[in-house]
Amino acid sequence: MSAPSAVAALSLPKTSESENLLKIRHSMSHVLAMAVQKLFPKAQVTIGPWTENGFYYDFDNPEPFTEADLKAIKKEMGKIIGRRLPLERLVVSREEAEARIKAQNEPYKLEILAGITEPISLYTLGEDWWDLCAGPHVANTSELNPKAFELESVAGAYWRGDETKAQLQRIYGTAWETPEQLAEYKRRKEEALRRDHRRLGSDLDLFSIEDEAGAGLVFWHPRGARTRLLIEDFWRQAHFDAGYELLYTPHVADLSLWKTSGHLDFYSESMFGPMQVDERQYQLKPMNCPFHVLTYASTLRSYRELPIRWAELGTVYRYERPGVMHGLMRVRGFTQDDAHVFCLPDQITGEIVRILDLTEQILSMFDFKTYEINLSTRPEKSIGDDAVWDLATNGLIEALERKGWAYKIDAGGGAFYGPKIDLKIEDAIGRMWQCSTIQLDFNLPERFDLEYVAADGTRQRPIMIHRAIFGSLERFFGIMTENYAGDFPFWLAPEQIRLLPVTDEVRPYAEQLLARFKAAGVRASIDCSGDRLGKLIRNGEHMKIPVLAVIGAKEAETNQASVRSRRDGDLGPMDQQTLLEATERANRERLLSPFAALG
RNA sequence: GCCCUUGUAGCUCAGUGGUAGAGCACUCCCUUGGUAAGGGAGAGGUCACGAGUUCAAAUCUCGUCAAGGGCUCCA
């Protein structure tokens, strides 16, 4: 059985949740650095912090480290641990620290020293190695388990995270209290690999990215397209029900539109270049907002019309730098589930609550039910006056309070044009993904001079809210695929039932059953390969078809099918009518499985 | 864009300078078989692309493109 949430028995604390792991990992990075400097005397040390699952250390070394180097380094680390070396904290004066660092010829450490304040501490590791460090650490390397750590990879990283500065060699490692924890960690990594949407995308024939077409451009194959369409249908219906209207807008438009919007000034690096058509320059759209704004401005609006809620599955193209593309998660052409709400100032809170409700309704349909919410407030560089910012920010806060959702405040983290709410979802293996965003915008209505006629006949500026729930269909599809490990819920499966005829004699019966499924809107097929049943089952399971229906002489005689469900196991023979009704209902009610209620 | 690694059949990969390989998938034949691979035969590749070195390049060198692990970026 491969239930979507095959979780581990052994709990694995994060570093931030365990003082002991923090010490182990931090000390491990020192052991790593000591080992590297022993084997590579030219390597200069920089920083070596813990991460949530392990640690890393950045070195400046003339030669990049190889896989073979990692093995040697790991062995050396084992030796250091075996020597049961004490780690001791020394508080020193700035002068002494400087002298010690200079004696070692470690320019990066000198730079770090210049940036820290007293007390200045360093940690020794045995007699002959030490590192400038705030700690804390274990007292002795005997507290480190040589069988519970691993060096994972080597990667490039910039000094101080600044791409204009030197590129260093970063060695990543992981360390745990026990070998059992390490084994569990490795199992989870493999689980993540098994769920990788890029692998599932090709195994299940969902989508591909073609070299000849270019990086970051997605080809949706029939199976992926079918599931995407089901997501879109659900999304559209939910939006109509929530009081939205849908728009279609062009993919290109006159460049001047992007001058007016301001994108040309601060976003041009992320845009595909303009194209000359006749006497005008056109721009492939990197976002939908200006189009919705133009639609708003196409006629004079009354306050009675507000709020206006417009949504669009809008396909946009953005120039992403080579090397940043990643499967469906980061692409150059993608479809946003974009919407814009134009409303009166006193409608903000109500509209935000409606958006949060809709977001919850839509995300929970894909079994994302745990959220992490961030409210980002006014940054230093921003436009608009205080009163509007206060009104808007308080509106967001009140909406969150009314919804009863816990949230964190990212002070000063908002866009220059307005405050925002970001929502992260947690997937089946505990990873967080940011998809949904709600942003207030004081900029575009100003730039496009949007107005409505108020009750007193004066012209007023509407409040504009941007929001996306999936963010991008591509990215969400990737996250959802990994969340389900490719085992889509029944209602989303591109192929829902595969009929497996045991012999050719029962083909006519299978054809007749197939016709009934199709008439009922159930996505069924027959495996006509002529292979033996064992092979048919195997192929069906590999493609993660939710329901396999075995049809042999017995079933043909009794108007039945023997049902094998990925989620519910072998259910034995079932009447045609029962099966039809259960599957049709599962589609209508968008169920995970047609058989849960039968159990 | 930067560092490292990789690119061979639809997929997963082997092949270290001398005529291109395997398993699965595909096509055909035999088999009509009851819950995770029945047997046989066949077809399928400009070894990512371009240049260079060499009598000879999948193999060595350089460049381009793309992918993977990271960094940076993702208003």
Side-chain angles (χ1 to χ4, degrees), chain A residues 51 56 58-61 63-67 69-70 152-172 193 196 198-199 202-203 205 208-217 261-263 265-271 286-287 289 318-327 329-332 334 376 379 381-382 413-418 420 434 437 439 441 443 466 471-472 475 500-507 529-543 548-555 562-566 569-573:
Chain A
T51 64
Y56 66 81
D58 287 348
F59 301 94
D60 191 339
N61 195 48
E63 298 295 321
F65 300 113
T66 64
E67 287 293 316
D69 292 340
L70 285 193
E152 299 186 285
S153 62
V154 54
Y158 299 107
W159 169 234
R160 302 245 143 140
D162 183 340
E163 65 179 317
T164 64
K165 294 198 167 138
Q167 180 118 29
L168 308 170
Q169 300 294 319
R170 174 171 299 177
I171 296 177
Y172 279 97
L193 201 66
D196 192 309
R198 293 166 300 184
R199 171 189 292 258
S202 86
D203 286 354
D205 198 15
S208 63
I209 292 170
E210 301 293 331
D211 264 24
E212 285 173 83
L217 301 171
S261 71
H263 287 112
D265 295 330
F266 62 86
Y267 201 72
S268 60
E269 274 182 18
S270 300
M271 287 157 60
M287 49 199 37
C289 329
R318 295 183 182 177
Y319 173 74
E320 297 286 359
R321 296 157 88 190
V324 306
M325 263 77 74
H326 181 88
M329 303 298 194
R330 188 91 176 264
V331 290
R332 282 179 170 164
F334 59 98
S376 303
K381 268 185 72 177
S382 56
F416 73 89
Y417 50 75
K420 63 174 180 180
Q434 199 213 300
T437 179
Q439 306 197 354
D441 187 344
N443 184 44
H466 307 257
S472 118
R475 191 175 132 85
L500 309 180
V502 178
T503 65
D504 287 342
E505 275 76 74
V506 297
R507 281 281 292 280
S529 66
D531 285 317
R532 284 182 162 71
L533 183 60
K535 188 68 167 289
L536 303 187
I537 300 268
R538 183 182 158 88
N539 289 342
E541 294 290 357
H542 275 175
M543 291 305 284
L548 298 176
V550 175
I551 291 168
K554 274 186 299 192
E555 288 82 2
S562 288
V563 173
R564 185 184 157 117
S565 159
R566 267 182 84 77
D570 191 346
L571 300 176

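Order of the sequence lines fixes the chain letters, A, B, ..., with proteins taken first and strands second; residue numbering starts at 1 for each chain.
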Query raised in the report: Below 3.5 Å, does any donor atom in the side chain of Arg564(A) face an acceptor in the base of A36(B), or the other way round?
Result: yes
Query raised in the report: Do Arg564(A) and Asp570(A) sit within salt-bridge range, that is, some charged N less than 4.0 Å from a carboxylate O?
Result: no
Query raised in the report: Met287(A) near the nucleic acid: base, sugar-phosphate alone, or nothing, with a heavy-atom cut-off under 4.0 Å?
Result: base
Query raised in the report: Does Arg170(A) get its side chain close enough to the base of C4(B), under 3.5 Å, for a donor-acceptor pair?
Result: no
Query raised in the report: Any idea which of G1(B), G69(B), G33(B) is nearest the Thr503(A) side chain?
Result: G33(B)
Query raised in the report: Taking the same atom, P, in U59(B) and in C49(B), what whole-Å distance lies between them?
Result: 11 Å
Query raised in the report: Where the side chain of Ala155(A) is concerned, which of G70(B), A36(B), G1(B) is the nearest nucleotide?
Result: G70(B)
Report task. To the nearest Å, give me how far apart NZ (Lys535(A)) and P (U31(B)) are. Result -> 18 Å
Query raised in the report: Taking CE from Met543(A) and P from A37(B), how many angstroms apart are they, rounded to a whole number?
Result: 18 Å
Query raised in the report: So which nucleotide does G21(B) pair with, by the Watson-Crick or G-U wobble rule with both distances under 3.5 Å?
Result: C13(B)
**Report entry** Base paired to U27(B) (Watson-Crick or G-U; both N/O distances under 3.5 angstrom)
**Finding:** A41(B)
Requested in this report: Could you please name the option among U35(B), G1(B), A36(B) that lies closest to any side-chain atom of Tyr319(A)?
Outcome: G1(B)
**Report entry** Residue Pro322(A), side-chain heavy atoms: nucleotide from G34(B), U35(B), G1(B) that is nearest
**Finding:** G1(B)
Report summary line: Atom CZ of Arg330(A) and atom P of A67(B) are separated, to the nearest Å, by 13 Å
Query raised in the report: For Leu70(A) and G69(B), what is the distance between atoms CG and P respectively, to the nearest whole Å?
Result: 17 Å
Query raised in the report: Within the structure shown, what part of the strands sits under 4.0 Å from Gly323(A) by heavy-atom distance: base, sugar-phosphate, or nothing?
Result: base
Requested in this report: With the side chain of Ser562(A) defined as its heavy atoms from C-beta on, choose the nearest nucleotide among G1(B), A75(B), G34(B).
Outcome: G34(B)
Query raised in the report: Is it true that Arg160(A) and Asp162(A) have a side-chain N and a carboxylate O under 4.0 angstrom from each other?
Result: no
Query - Length of the line joining Asp211(A):CG and A48(B):C1', which is rounded to integer Å - result: 7 Å
Query raised in the report: Arg321(A) side chain: which of G34(B), G70(B), U72(B) is closest?
Result: U72(B)
Report task. Classify the nucleic acid contact of Gly534(A) as base, sugar-phosphate or nothing, counting any heavy atom under 4.0 Å across all strands shown. Result -> sugar-phosphate
**Report entry** Leu500(A) CG to Asn539(A) CG distance, which is reported to the nearest 0.5 Å
**Finding:** 9.5 Å
**Report entry** G-U wobble or Watson-Crick pairing nucleotide for C47(B) (cut-off 3.5 Å, both distances)
**Finding:** none
Query raised in the report: Are the side chains of Glu63(A) and Gln169(A) in touch, meaning some heavy atoms are under 4.5 Å apart?
Result: no
**Report entry** Same-atom distance (P) from C60(B) to A22(B), integer angstrom
**Finding:** 23 Å
Query - Pair assignment for U6(B), Watson-Crick or G-U wobble, requiring both distances under 3.5 Å - result: A66(B)
Query raised in the report: Looking at CG of Asp58(A) and OH of Tyr172(A), how far apart are the two atoms once the value is rounded to the nearest 0.5 Å?
Result: 7.5 Å
Requested in this report: With rounding to the nearest 0.5 Å, note down the distance linking CD1 in Ile171(A) to OH in Tyr56(A).
Outcome: 13.0 Å
Report task. To the nearest Å, give me how far apart CZ (Arg538(A)) and P (A36(B)) are. Result -> 10 Å
Report task. Measure the distance from CD on Glu320(A) to P on A66(B) and round it to the nearest whole Å. Result -> 14 Å
Query - Candidates G70(B), U35(B), A75(B) - which lies nearest the side chain of Phe416(A) - result: A75(B)
Query raised in the report: Side-chain donor or acceptor of Glu505(A) under 3.5 Å from a matching atom on the base of G33(B)?
Result: no
Requested in this report: Mind running side chain to side chain contact (heavy atoms under 4.5 Å, CB included) on Leu536(A) and Val550(A) for me, showing each step along the way?
Outcome: CA-CA 9 Å; Leu536(A) 303 187; Val550(A) 175; over 6 Å; no
Query raised in the report: Say you pick atom P in A66(B) and the same atom in U61(B); how far apart are they, in whole Å?
Result: 22 Å
Query raised in the report: What interatomic distance, in whole Å, is found between P of G38(B) and the corresponding atom of C4(B)?
Result: 47 Å
Query raised in the report: Using the C1' atom in both, what is the distance from C29(B) to G17(B), to the nearest Å?
Result: 42 Å
Report task. Might you work through the side chain to side chain contact (heavy atoms under 4.5 Å, CB included) test for Arg321(A) and Glu269(A), ending with a clear yes or no? Result -> CA-CA 9 Å; Arg321(A) 296 157 88 190; Glu269(A) 274 182 18; over 6 Å; no
Report summary line: Regarding the side chain of Tyr172(A), the nearest nucleotide among A36(B), G70(B), G33(B) is G70(B)
Query - Counter-base of C60(B), judged by Watson-Crick or G-U geometry with both distances under 3.5 Å - result: G52(B)
Report task. Establish, with yes or no, whether the OP1 or OP2 oxygen of G69(B) is under 4.0 angstrom from a side-chain nitrogen or oxygen of Arg198(A). Result -> yes
Query raised in the report: If we take the P atom in both G44(B) and C65(B), what is their distance in whole Å?
Result: 34 Å
Query - Identified pairing partner of U32(B), criterion: Watson-Crick or G-U wobble below 3.5 Å - result: none
Report summary line: Taking for Thr66(A) and for Val154(A) the nucleotide of RNA chain B with the nearest heavy atom, the one nearer the 5' end belongs to Thr66(A)
Query raised in the report: Pick the nucleotide of RNA chain B nearest each of Tyr267(A) and Glu555(A); which residue has the one closer to the 5' end?
Result: Glu555(A)
Query raised in the report: Expressed as a whole number of Å, how far does the P atom of U64(B) sit from that of U5(B)?
Result: 16 Å
Query raised in the report: Could one point to a donor on the side chain of Tyr158(A) or the base of G1(B) with an acceptor on the other under 3.5 Å away?
Result: yes
**Report entry** Options G34(B), U32(B), U72(B), nucleotide nearest the side-chain atoms of Leu533(A)
**Finding:** G34(B)
**Report entry** Under-4.0 Å side-chain N/O to phosphate OP1/OP2 contact, Arg532(A) with U31(B)
**Finding:** no
Query raised in the report: Taking CG from Asp196(A) and P from A67(B), how many angstroms apart are they, rounded to a whole number?
Result: 14 Å
Requested in this report: Considering only atom P, compute the distance from G63(B) to C24(B) and round it to an integer number of Å.
Outcome: 40 Å
Requested in this report: Would you mind classifying the nucleic acid contact of Gly530(A) as base, sugar-phosphate or nothing, using non-hydrogen atoms under 4.0 angstrom?
Outcome: base
Report task. Report which part of the nucleic acid His326(A) touches: base, sugar-phosphate, or nothing (heavy-atom distance under 4.0 Å, all strands). Result -> sugar-phosphate
Report task. Using the six-membered ring wherever Trp is involved, compare the ring planes of Phe266(A) and His263(A) and label them parallel, tilted or perpendicular (cut-offs 30° and 60°). Result -> tilted
